[in-house]
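For reference, the structure discussed in these notes is given below.
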Amino acid sequence: MASKQSPAKKPSAKQAGILATIELLKRYYPDAYCALNYTNPFELLVATILSAQCTDERVNMVTPALFKKYPTPKAMAKAPVESLEELIRSTGFYKNKAKNLKACATTLVEKHHGEVPQSLEALVELGGVGRKTANVVLGNAFNIPSGIVVDTHVTRLANRLGWVKTDNAVMIERQLSKLVPVEDWIMLPHWLISHGRAVCKARKPACSHCFLEETCPKKGV
DNA sequence: CTCCCGATAT
DNA sequence: ATATCAGGAG
């Protein structure tokens with residue numbers, strides 16, 4: 001099974017630079033992983049919905065009790081929305097999220113036999129699930145490289161590194177998809193997010209000890 | 001574009 | 001006080 005290397009053309013200088021940077025990230029964060037705790041696709045779906053504008057650490061504080069009380073779509077679909085609100089309140093946006101969780105679980109029961117669907121179109125139709133959440137579930141729970149997850153960290157780093165010049169998530173995903181080989185689609189966000197949390201932070205980036213400082217156009221910020 | 005919104009760091 | 005956190009919907 002020869003790994004298909006160059007598509008047809010030689011990569012541009014820009015793409016070659018990006019691919020080189022990705023190799024560095026891969027080497028630097030070999031153990032990058034999804035920071036949300038889950039034991040099945042449904043739990044990852046719920047955790048990712050809760051992770052909107054909230055740290056993964058905070059989500060991981062509320063999900064054990066949530067999953068204990070409502071372990072399946074069937075159980076969560078029948079949950080009083082006030083009960084869900086109470087369990088997830090500390091993650092913020094709790095009224096929207098509680099309503100979304102109940103609607104999402106209800107749809108899973110009614111249209112998907114209580115299982116998490118494995119297509120982007122079906123996932124996005126669930127309450128509170130957008131393209132980012134859908135790609136997280138497909139990539140991490142099912143190992144399907146449906147698309148590249150574009151979150152706040154990927155948006156920030158892709159711009160700082162000069163890979164893209166837009167904050168539009170759909171455009172970023174489209175552009176990155178053309179630059180990055182599909183075998184890296186699932187891990188790339190993990191590498192970028194690891195680096196975004198540890199070094200290339202939103203508020204106070206630690207450029208002085210960043211291993212990408214040489215080639216980063218934002219060097220010094 | 002605005003709104004949803006609590007917890008934490010600076 | 002303000003910015004930010006693995007966003008999504010109207």
Could you tell me how far apart [X] ([atom1]) and [N] ([atom2]) are, to the nearest whole angstrom?
X         : N      : atom1 : atom2 : answer
Asn135(A) : dG8(C) : CG    : P     : 10 Å
Lys201(A) : dA6(C) : NZ    : P     : 13 Å
Arg131(A) : dA6(C) : CZ    : C1'   : 16 Å
Asn60(A)  : dG6(B) : CG    : P     : 20 Å
Leu50(A)  : dC5(C) : CG    : C1'   : 14 Å
Gln53(A)  : dC3(B) : CD    : P     : 15 Å
Leu188(A) : dA6(C) : CG    : C1'   : 13 Å
Leu126(A) : dG7(C) : CG    : P     : 18 Å

Check [X] against [Y] and note the closest heavy-atom contact, atom names and distance.
X         : Y         : value
Gly147(A) : Asn135(A) : N-OD1, 3.4 Å
Thr133(A) : Leu45(A)  : CG2-CD1, 4.1 Å
Pro117(A) : Leu108(A) : CD-CD2, 3.6 Å
Ile186(A) : Asn143(A) : CD1-OD1, 3.5 Å
Ala52(A)  : Lys97(A)  : O-NZ, 3.1 Å

Which nucleotide wins on minimum distance to the side chain of Arg203(A), given the candidates dG7(C), dT4(C), dC5(C)?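 Comparing dG7(C), dT4(C), dC5(C) against the side chain of Arg203(A), the answer is dT4(C).
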Side chain of Arg58(A), heavy atoms from C-beta onward: which of dA7(B), dT4(C), dA6(C) has the nearest atom to it?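 Selected nucleotide (nearest to the side chain): dA7(B).
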Please report the distance separating the P of dA6(C) from the corresponding atom of dA9(B), rounded so that it comes out in whole Å.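 One P to the other, the span is 13 Å.
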When the P atoms of dA7(B) and dG8(C) are considered, how many whole Å apart are they?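 It comes out at 22 Å once rounded to the nearest Å.
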When we call it a touch if two heavy atoms are under 4.0 Å apart, what does Val149(A) touch: a base, just sugar-phosphate, or nothing?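 Base, at least one base atom sits under 4.0 Å.
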Any base atoms under 4.0 Å from Thr133(A), or only sugar-phosphate, or nothing? Heavy atoms, all strands.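 Sugar-phosphate: the residue Thr133(A), judged by heavy atoms under 4.0 Å, touches backbone atoms but no base.
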Should we say atom CZ of Phe211(A) is surrounded by more than 12 heavy atoms from elsewhere, each under 6.0 Å from it?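 Yes - once you tally the heavy atoms of other residues, nucleotides and ligands closer than 6.0 Å, there are more than 12.
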Just verifying a value: how many Å separate Gln118(A) CD and Ile144(A) CD1, rounded to the nearest 0.5 Å?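 If I round to the nearest 0.5 Å, the distance is 4.5 Å.
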Got a sec? Which of residues 79-103 of chain A come in under 4.0 Å of DNA chain B, heavy atoms?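 Nucleic-acid contacts, sorted: Arg89(A), Ser90(A), Gly92(A), Phe93(A), Tyr94(A), Lys95(A), Asn96(A).
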If you find the nucleotide of DNA chain C closest to Tyr33(A) and the one closest to Val129(A), which residue's nucleotide is nearer the 5' end?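 On the 5' side of the pair lies Tyr33(A).
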